[in-house]
Amino acid sequence: MSGDHSHNNSQIDSGSRVNDSHKHKEKNKDKEHKHKDHKKDKERENSKYGNSDHKDFSEKHREKEKERIKHKDGSTDRHREKDKRKEIKPKKEKENGFSSPPRIKSEPDNDVYHSPKSLKRERDHDETEFKPKKIKLENDKVDKKAKKRKQDEDIKPKKTQKNKKGEVADGKKKAKKEPEEKWKWWEEERATDGSKWSFLEHKGPVMAAPYELLPSNVRFFYDGKQMKLSPEAEEVATFFAKMLDHEYTTKDTFRKNFFKDWRKEMTSEEKSRITDLKKCNFNEMGEYFKAQSEARKAMTKDDKLKIKVENERLLQEYGFCIMDNHKERIANFRIEPPGLFRGRGDHPKMGMLKRRIRPEDIIINCSKGSKHPKPPPGTKWKEVRHDNKVTWLVSWTENIQGAIKYIMLNPSSRIKGEKDWQKYETARNLKKCVERLRNQYREDWKSKEMRIRQRAVALYFIDKLALRAGNEKEEGESADTVGCCSLRVEHINLYPEKDGQDFVVEFDFLGKDSIRYYNKVPVEKRVFKNLQLFMENKQPEDDLFDRLNTSILNKHLQELMDGLTAKVFRTYNASITLQQQLKELTSPEENLPAKILSYNRANRAVAILCNHQRAQPKTFEKSMQNLQTKIDAKKDQLSDAKRDVKSAKADLKVRRDEKSKKALETKKKAVERLEEQLMKLEVQATDREENKQIALGTSKLNYLDPRISVAWCKKWGIPIEKIYNKTQREKFAWAIDMADDDYEF
DNA sequence: GCTGACACTTAGGACGTCCACT
DNA sequence: AGTGGACGTCCTAAGTGTCAGC
């Protein structure tokens, strides 16, 4: 069963980001329908009792069975809490993590600090095993000592490096050495006390550029008359003007939200005069920005270079931090600039003003003993804290959803890499027990308790279809999207028989980012019957799994396996599918491009499973046509070349001289070359066609154990660069270093 | 048990850049 | 030299999951 995901091939074709036209009901309904309201649910269940003559599925036996379940569920279940209460974990020691005093560099070294080779852990038998984070407390002392020792020694190479720096003369040597001297954090011990770092120093965020007033010749008109706006109102107006070309400035919600927030920024005079968005004319502003971006494109090389250099300087200054003796790249060191919020899908808050973030909104996180980042002159940070139990360097609260935003490290950093590695190890643990779990949930389909049946069916979907968990969302706060646990009755259709298959479930809902999930899946009979049961007497907008949410599900999963949550199934199924597909699709005799096509196909199978879609590129049709033209031309060339060979052969027969022989050879070579070129083009066309609506990047980056790909490359002698670009190689450095050609996920 | 706050991963699109081809 | 198109980077929204406090 594992990895058998071929059934949902139909998914992508019909899917797309859904716009307003997609038939999803406005979710205006009262919260009473919401799952949380169990009272209501019970009422509904109870009312079902009286109604014994539903026509749909009337076998006596089934009725009885159903009643039994309902009774059970409605009454005693809730009181019978699990005996298997989770053991109380020993509380983490509160030590603030600064067990060893942070080492402060008076001046951050420009280079990575290298750990001495002697310190590196010997490769153990199973190199890929991940050292569990939690270790017994008794070990703590020993471990800390080891850590401290390591840190002490870590410092040494730094010194030698500095010496080296003095002798810049033989920089060649150094440059050559650089790649192999990359810090291999994966060969070192990991902190075990829950602390994420012991020393952290950074320069703080780069604030958004201040607003620049429009030149006076760029005018705004209200109701046909020119009007000079106050700076605050003008800035917000420019946000709208910059979007004039976008469809969403025509959307009601967008306009309404924008106008409401814009008015808040107006002076009282402006407010009283500007009362109707339709009467606002932003065209000159829009033109101005268009002209600006044209000008930017048309800049001289020199000017472009200047910008590049400036960006590089900013990156060098703010783009790195020092964490535990190593210089690490920061992922997003810029504060998000103000603008108009554009959520994805049918977002109720689209068009709202995303406020400018001031230093007073920003929390800085760094070591006590580090050089604290300075706020811009005349301002203060909201707070400077020293919390080494978290990984972020900077945070602020955004005004649209009230969510917290963070500045964190790059995926190539130790702190992200360890987490990533751990993720795949958890998924591999799942591999070891997935059959047991599958048997278990299949058993649970027959449970007497409704909640357990629901849990089991939901888990089946998560496993088989790689659905997301589906947390509850607050209504009206974001687009109406769902995952497995939050599926509603309206999101599935049941067909006892469809297209020659029995027990087909048709899914049609909006998932994350309002990407449509559409899939028709034959399921086991028991699942089908259960679904019928779950849907009985419910309204379309009622929850399918009214006795289930992600927290219940994850609690259950945690009991089945340490570290198991719903999303682990996605990781597991994605990775195992890649591994299987690679095995299946790669044939030894294929040449390099064909092998890479096979890899992409395996990758694609995963992307389809995970429903990773993208909008078809706007230029797709045209570029495809171009490619086809090329192919046709190549074919013509080829047939010409073949004809040449024939005549050369004939020539040779007649003349029988060296010259004709040579000529024939040349012609033959030409044919071979053309054939190869043609094949390359055809492979390219196939790949592109198959890929038009599918995004491979997401799964590659987030779901596929990189060691599988690395092993595949090593096994077939494929250069890793063909699979991973530079950024990806940096992110997966750990995997590239540790996986051998025989790695098994 | 429920809720909200919080931390962190996963996601697609916009846009810039580079490179092969003409 | 110009250009189409692939590729890479940046951006930030939208998920997942945990935990503390009631």
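In what follows, chains are A, B, ... by sequence order, proteins preceding strands, each numbered from 1. Scope of the values below: all heavy atoms of this structure, side chains included, with no hydrogens, waters or symmetry mates.
- Residue-level contact check: A:Ser395 touches neither bases nor backbone, having no heavy atom under 4.0 Å from any strand.
- Nearest-nucleotide positions on DNA chain B place A:Tyr406 closer to the 5' end than the other of A:Tyr406 and A:Lys308.
- Set against B:dG13, C:dT9, C:dT16, the side chain of A:Thr727 has C:dT9 as its closest nucleotide.
- If you check C:dA14, B:dA7, C:dG17 against the side chain of A:Trp392, the one that comes closest is B:dA7.
- Checking A:Ala469 against A:Ala331, the closest nucleotide of DNA chain C that is more toward the 5' end is the one next to A:Ala331.
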Next item on the list: Take A:Asp463 and A:Asn573 through the test side chain to side chain donor-acceptor pair (under 3.5 Å) and record every step on the way to the result.
Entry: CA-CA 7 Å; A:Asp463 182 22; A:Asn573 276 312; 3.0 Å; yes
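- With hydrogens and angles ignored, no donor-acceptor pair under 3.5 angstrom links the side chain of A:Lys567 to the base of B:dT9.
- Taking every side-chain heavy atom of A:Arg614 into account, B:dG13 is the closest of B:dG13, C:dC11, C:dA13.
- The side chain of A:Lys512 places no N or O atom within less than 4.0 Å of a non-bridging phosphate oxygen (OP1 or OP2) of B:dT9.
- At whole-Å resolution of the value, CD in A:Gln613 and P in B:dG13 are 9 Å apart.
- As a whole-Å value, the separation of A:Leu553 CG from B:dG1 C1' is 17 Å.
- In this structure, CD1 of A:Ile407 is placed 14 Å from P of B:dC8, rounded to the nearest angstrom.
- To the nearest angstrom, P of C:dT16 lies 11 Å from CG of A:Asp513.
- Out of C:dT12, B:dC8, B:dA11, the shortest distance to the side chain of A:Lys405 is found at C:dT12.
- If A:Arg296 and A:Ala695 are placed on DNA chain B by their nearest nucleotide, the residue sitting closer to the 5' end is A:Ala695.
- Residue A:Asn725 places its side chain closer to C:dG8 than to any other of C:dA13, C:dG8, B:dA11.
- Of the listed nucleotides (C:dT12, B:dA11, C:dG8), C:dT12 has the atom at the smallest distance from the side chain of A:Asn332.
- Distance CD1 (A:Ile462) to P (C:dT16): 9 Å, rounded to an integer number of Å.
- Computed from coordinates, the A:Phe289 CZ to B:dA14 P distance equals 19 Å when rounded to whole Å.
- With distances taken from any side-chain atom of A:Lys416 to the nucleotides B:dA7, B:dT10, B:dT9, the minimum falls on B:dT9.
- Among the protein residues, A:Gln401 comes within range of the sugar-phosphate backbone only, with heavy atoms under 4.0 Å from sugar or phosphate atoms but none that close to a base.
- Listed candidates were B:dG12, C:dG15, B:dA7. Nearest to the side chain of A:Thr481 is C:dG15.
- For A:Ala615, the side-chain atoms get nearest to B:dG13 when compared with the rest of B:dG13, B:dA11, C:dG8.
- Under 4.0 angstrom from either OP1 or OP2 of C:dA14 there lies at least one side-chain N or O belonging to A:His347.
- The interatomic distance linking A:Asn549 (CG) with B:dT3 (C1') rounds to 12 Å, in whole Å.
- One finds a side-chain N or O of A:Tyr703 lying less than 4.0 angstrom from the OP1 or OP2 phosphate oxygen of B:dA11.
- A:Gly402 comes within 4.0 angstrom of nothing in the nucleic acid, heavy atoms only.
- In this structure, A:Leu674 and A:Lys634 approach most closely via the heavy-atom pair CD2-CD, 3.8 Å.
- Ring geometry for A:Phe507 against A:Phe461 counts as perpendicular: the plane angle is over 60°, on a 0 to 90° scale with 30° as the lower cut.
- Using a 4.5 Å heavy-atom cutoff, the side chains of A:Ser412 and A:Lys416 are not in contact.
- Within a 6.0 Å sphere centred on NZ of A:Lys722, other residues, nucleotides and ligands contribute 12 heavy atoms or fewer.
- Among the atoms of the strands shown, none is found under 4.0 Å from any heavy atom of A:Pro411.
- In this structure, A:Arg329 and A:Asn554 both approach DNA chain C, and ranking their closest nucleotides by distance from the 5' end singles out A:Arg329.
- With A:Phe341 as the aromatic partner, A:Lys349 does not meet the cation-pi criteria of under 6.0 angstrom to the ring centre and within 45 degrees of the ring axis.
- The number of heavy atoms from other shown groups lying within 6.0 Å of CD (A:Glu310) is above 12.
- Here A:Lys726 lies out of heavy-atom contact (under 4.0 Å) with every strand.
- The aromatic ring centroids of A:Tyr724 and A:Phe732 lie less than 6.0 Å from each other.
- At a threshold of 4.0 angstrom between heavy atoms, the contacts of A:Lys304 with the nucleic acid are absent.
- For C:dA13, neither phosphate oxygen OP1 nor OP2 lies less than 4.0 angstrom from any side-chain nitrogen or oxygen of A:Ser478.
- Nearest to the side-chain atoms of A:Arg334 among the listed nucleotides C:dC11, C:dT18, B:dC8 stands C:dC11.
- Residue contacts shown for A:Gly470 are limited to sugar-phosphate atoms, with no base heavy atom under 4.0 Å away.
- Residue A:Ala403 is classed as having no contact, given no heavy-atom separation below 4.0 Å to the nucleic acid.
- For B:dA11, one of the phosphate oxygens OP1 or OP2 lies less than 4.0 angstrom from a side-chain nitrogen or oxygen of A:Arg468.
- A:Ile307 places its CD1 atom 16 Å from the P atom of B:dC15, with the value rounded to the nearest Å.
- OP1 or OP2 of B:dG12 has not a single side-chain nitrogen or oxygen of A:Arg342 nearer than 4.0 Å.
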